[in-house]
> 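So that we are looking at the same thing, I have put the structure below in structure tokens.
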Amino acid sequence: MKKGDHLFLVDGSGFIFRAFHAIPPLNRKSDGLPVNAVSGFCNMLWKLLKDARNTDVGVTPTHFAVIFDYSSKTFRNDLYDQYKANRTAPPEDLIPQFGLIRHATRAFNLPCIEKEGFEADDLIATYARLAEQDGADVTIVSSDKDLMQLVTENVSMYDGMKDKQISIPEVIEKWGVPPEKMIDLQSLTGDSTDNVPGVPGIGPKTAAQLLEEYGDLDTLLARAEEIKQVKRRENIIASRELVRLSRQLVTLKTDTPLDTPLDELILHPQDGPKLIAFLKAMEFTTLTRRVAEACDCDAGAIEAASVPVEWGAAAHGPDLDKGEAAGRPSALDGTETAAEAAATLLPAAVAGDLSPTALARSRAERFSAAPIDHSTYETVRDLEALDRWIAAAREAGLVGFDTETTSLDAMQAELCGFSLAIADNAKDPSGTVIRACYVPLNHKTGVGDLLGGGMADGQIPIRAALERLKGLLEDPSVLKVAQNLKYDYLVMRRHGITVQGFDDTMLMSYALDAGAGTHGMDTLSERWLGHKPISYKEVAGSGKGAQTFDMVDISRATAYAAEDADVTLRLWHVLKPRLAAERMTAVYERLERPLVPVLARMEERGITIDRQVLSRLSGELAQGAAGFEEEIYELAGERFNIGSPKQLGDILFGKMGLPGASKTKTGQWSTSAQVLEDLAAQGLPLPRKIVDWRQLTKLKSTYTDALPGFVHPDTKRVHTSYALAATTTGRLSSSDPNLQNIPVRTAEGRKIRTAFISTPGHKLVSADYSQIELRVLAHVADIPQLKQAFADGIDIHAMTASEMFGVPVEGMPSEIRRRAKAINFGIIYGISAFGLANQLSIERSEAGEYIKKYFERFPGIKDYMDTTKAFARENGYVETIFGRRAHYPEIKSSNPSVRAFNERASINAPIQGSAADIIRRAMIKMEPALAAAGLSARMLLQVHDELIFEVEDGEVEKAIPVIVDVMENASMPALSMKVPLKVDARAATNWDEAH
DNA sequence: ACGTACACCTA
DNA sequence: GTAGGTGTACGTC
């Protein structure tokens, strides 16, 4: 080569993967051969050659080569056996396309370069340096950062996708260092995709900053001791050797032995007929036409070439065996873990045992051993195929079901498609062979700027598909198995379908293992199947790059969605026998599963909020807070961010030197309300104002400003989401927005409740259990005085005070009662002298005395606590009165504070959990009871011991007794309480007055 | 952009 | 002392 020549080096492997992911895989040849990557590759190459030959651009290649990776094993693996160890195998559909793409390159009359033991990047580096030495210019067609180290005055890169040139300034702009420092930067940051180690906590920004400061990597490593940031310094020092290794790994080899000399890369003219023959064979009609036009050939006269296709992994080892060679965990590797999990988590079975326990164990073992095979998944593209799947589901009587949508919010989610999974009993009567499909309904195209954003091809019209699906989902004789069904239930409801006959694997896991890990599908799959499902992030991206599921290409969507249904059905096979074996079927069937439709309907109804009330409140709060701000700055003598506990602490205890300072666990000054209250009590004006300011800003930001954002655009109501499997005790939780923590304690806060209103012609009815947890305590601990007091309707805190302090209930001083009340709550929370002392602001010794006295007066409580603790230690869990279990795996921790915490929690769980079970039962019974009474009252919200309804004005009088009756008798007939349950209910037009 | 600390709202 | 969720600040990516 000589000066004035221009070499184009195309990163072929990079091209392949970008093409594969950019072009929807429904791009298949008529015989079903996937050719989407080939198509993308050819289009990109054609565009590149056309543009490059256009002399107007000023870049005319004289030499041209397409470079590929040959083998997964390169000299880098000898340096570091973990190199690229986390690479996964290429997608199934891509495999036959590797060979085709090499054919394509030759059809374009371009040299196709690869070499065993080296990566494409090394070949590119070598050619680039050689050309540069000859005085030629080089353009590397790639956007891979690994190649940026090659950029010089004469060597630049070109990102064909973004049509962007990458020269020295672009590298500096993107990475903060010039190209020659890229190696240093990559050595520091490492590379997770290639599994190149880096320094923990150092990303590109920090690395660039360090290199700026120290000049280069060697200087930095030599002077690492000078780094000020402690963590950073320690990490770099500890990683020195690894960083040097990483430098070897990321440095591209510029002396790769070449089979094709540089001068042979000369760009030959296009061989039109040869290229057209190939393109015709691939059935790329548009490109064939374009090429024919450009070459002035008659495409019709050219016969399609015969292109051999290599399907198997053996046919083209190099690109394919990456995953395997790199030790990607196979399904079998994971099996051991899951089988071990089964062995640890499940009770031991006796040999030859046919008991539920043995079944549960063998199911777990078999399903964890049966590999999940994405290649068996089917994309259902026509009604005939859907009908076949539905018929098979009916035949099996059992089907895994999952929906894919555009949002986590079931009330706003748009349906994209659904998946089904069926045990293939023909192949395997034991049911471990499962086949699954995805039915895309609403996927869009729009990847790449050439294709507009229309509906993707090959989808069944949504109405027709849902019509067929409705028959299946509403048929109670076919068991639908879903994970977190409440979500899918709501989505389907919004399409006029009410799922009947279902199981929910999330709730099964919750019934079995509450407290012992979370119950999400990915976790359960890893725990029980030893399989890590494709993550949502992998399919749809995350953060700024996230796309909604309807934009995901259908083949990726199929792999993800069908796998979810598959995994769900497998989990069902593992968990269902466990329910029986561990005697948790009743809990699941009576307390968990029936709540799904109940909660779904509550969420669907939502509640009206008065935005004007909130807006007015927000203004008032803003004004009030602004007033405090001025006064606070005045008293502090400077302006600062009052909302920053750090700045506030420094002002109060640093600068002003106020007394009574204490530290948080991270060593910051504590500015908790308690601390500030104590200071205010000493007559200091500033702390009081800060407390008041915090109250106003809290109410404003968390409630008056946030709630209007949750008003649904169509229903104009607020629809919270209840989590059924989030707590250890059996309580629900509420989020988006949380309607279980709306203020009530202060007058200011209660104003927010006035914004929760009934629709015209209706009232809100609030019904809440009175002292339900103390009643449960009286029941489970069987305390005579407590039972008597509740039976007689006596003030329970006054009774406690009277028992403890010998003061008559009549004319009880409020301070005495307050202390007794704190003790009662303390008991429920698994009392400690430390906690009680804190609560009452008394000495720990005094609190200890109270507790001692309490146990003397109520020995049954002490017994209950000791028995419960012992039970938890023995079994690792505790039980509610309805048999719900809460697990405390750390109860035997050798750390005394961890152990004590678990003991308190296990004392609390049966009480809190039993109360939760009771209100769950009430909720399940409520709708049929209201219907039976001919009432249209609708249950809207649950707040642990309170239910909120919306009731027509004329129905209120009739509805209240029904509601109260259902709640008070919720435990019947399963269990007769030793104390009566009491419910207070009232109606008003807003939640504040109803409460 | 994401995670942690802190503070604070509820039962 | 139990069980939750959310907003802001702040440090790191």
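In what follows, chains carry the letters A, B, and so on, assigned in the order in which the sequence lines appear, proteins first and then strands, with residues in each chain numbered from 1. Here the structure is a predicted model, which means the values were calculated and not measured. The basis for the numbers below is simple: all heavy atoms, side chains too, and nothing from hydrogens, waters or symmetry mates.
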> What contact category does A/Ala822 fall into here, base, sugar-phosphate, or nothing, at under 4.0 angstrom with non-hydrogen atoms?
base
> How many Å lie between CH2 on A/Trp991 and P on B/dT10, as a whole number?
11 Å
> Hey, can you tell me if A/His519 and A/Tyr510 have their rings parallel, tilted or perpendicular (30° and 60° cut-offs)?
perpendicular
> Using a heavy-atom cut-off of under 4.0 Å over every strand shown, decide if A/Gly826 touches base, sugar-phosphate, or nothing.
base
> If you look at every strand shown and take non-hydrogen atoms under 4.0 Å, does A/Ile907 touch a base, only sugar-phosphate, or nothing?
nothing
> Could you work out which one of B/dA7, B/dT10, C/dA3 sits closest to the side chain of A/Ser670?
B/dA7
> Under 4.0 Å, heavy atoms only, any strand: does A/Ala909 hit a base, just the sugar-phosphate, or nothing?
nothing
> Answer with base, sugar-phosphate or nothing: what part of the nucleic acid does A/Thr697 contact at a heavy-atom distance below 4.0 Å?
nothing
> Whole angstroms only, please: what is the CG-P distance between A/Leu777 and C/dT2?
16 Å
> So, A/Glu968 and A/Arg775, do they make that salt bridge, N to O below 4.0 Å?
no
> Mind telling me whether A/Phe871 and A/Tyr877 have parallel, tilted or perpendicular rings, with 30° and 60° as the class edges?
perpendicular
> Is it true that A/Arg639 and A/Glu629 make a salt bridge, defined as a side-chain N closer than 4.0 Å to a carboxylate O?
no
> Does the side chain of A/Thr666 get closer than 4.0 angstrom to OP1 or OP2 of B/dT4 through an N or O atom?
no
> Can a donor-acceptor pair be found between the side chains of A/Arg694 and A/Thr671 at a distance below 3.5 Å?
yes
> Could you please name the option among C/dA3, B/dA11, B/dC6 that lies closest to any side-chain atom of A/Arg753?
B/dA11
> Roughly, in whole Å, what's the span from CD1 in A/Ile948 to P in B/dA11?
10 Å
> Can you tell me which nucleotide in B/dC6, C/dG5, C/dT2 comes closest to the side chain of A/Tyr829?
C/dT2
> What's A/Ala726 touching, base or sugar-phosphate or nothing? Going by heavy atoms closer than 4.0 Å.
sugar-phosphate
> Can you tell me how far C1' of C/dT6 sits from CG of A/Asp705, to the nearest Å?
13 Å
> Can you tell me if A/Ser734 touches the phosphate of C/dT6, counting only side-chain N or O atoms and a distance under 4.0 Å to OP1 or OP2?
no
> Can a side chain N or O of A/Thr727 be found less than 4.0 Å away from OP1 or OP2 on C/dG4?
no
> Between A/Leu648 (CG) and B/dC6 (C1'), how many Å, whole number?
12 Å
> Figure out the CG/P separation between A/Asn908 and C/dG1, and round it to whole Å.
14 Å
> Nearest-Å distance, CG (A/Leu947) to P (B/dA11)?
14 Å
> Is there a side-chain contact between A/Asn641 and the phosphate of C/dA9, meaning an N or O under 4.0 Å from OP1 or OP2?
yes
> Mind checking A/Gln647 for me? I need base, sugar-phosphate or nothing, with any heavy atom below 4.0 Å counting as a touch.
sugar-phosphate
> So does A/Ser672 get a side-chain nitrogen or oxygen closer than 4.0 Å to the phosphate oxygens (OP1/OP2) of B/dC8?
no
> Given C/dG5, C/dG1, C/dA3, identify the nucleotide with an atom nearest to the side chain of A/Arg731.
C/dA3
> Can you see which heavy atom on A/Ile651 is nearest to which on A/Ala636, and at what distance?
CG2-CB, 4.0 Å
> Considering just the side-chain nitrogens and oxygens of A/Gln668, establish if one lies under 4.0 Å of OP1 or OP2 belonging to C/dC10.
no
> Which nucleotide wins on minimum distance to the side chain of A/Gln912, given the candidates B/dA7, C/dG1, C/dA3?
C/dA3
> For A/Ile831, which contact category applies under a 4.0 Å heavy-atom criterion: base, sugar-phosphate, or nothing?
base
> As a test of reading the structure: which of B/dA11, B/dC6, C/dG1 is closest to the side chain of A/Val744, going by heavy atoms?
B/dA11
> Could you work out which one of C/dG5, B/dA11, C/dG1 sits closest to the side chain of A/Asp945?
B/dA11
> Without decimals, in angstroms, what is the distance between A/Tyr864 OH and C/dT2 C1'?
11 Å
> Taking N and O atoms by type only, does the side chain of A/Lys698 place a donor or acceptor under 3.5 Å from a partner on the base of B/dC8?
yes
> Which part of the nucleic acid, if any, lies within contact of A/Ala916, taking any heavy atom under 4.0 Å across all strands shown: a base, the sugar-phosphate backbone alone, or nothing?
nothing
> Using a 4.0 Å heavy-atom cut-off across all strands, classify A/Leu732 as base, sugar-phosphate, or nothing.
nothing
> Think A/Thr702 has a side-chain N or O under 4.0 angstrom from the OP1 or OP2 of B/dC9?
no
> Within this structure, what is the CE-OH distance for the pair A/Met923 and A/Tyr722, rounded to the nearest 0.5 Å?
6.5 Å
> From the set C/dT2, B/dT10, B/dA11, return the single nucleotide nearest to any side-chain atom of A/Pro743.
B/dT10
> What's the separation between atom CD1 in A/Ile827 and atom NZ in A/Lys862, rounded to the nearest 0.5 Å?
10.5 Å
> Where the side chain of A/Ser735 is defined as all heavy atoms beyond and including C-beta, which of C/dG4, C/dC10, C/dT6 is the nearest nucleotide?
C/dT6
> Among C/dG1, C/dT6, B/dA7, which nucleotide sits nearest the side chain of A/Ser832?
C/dG1
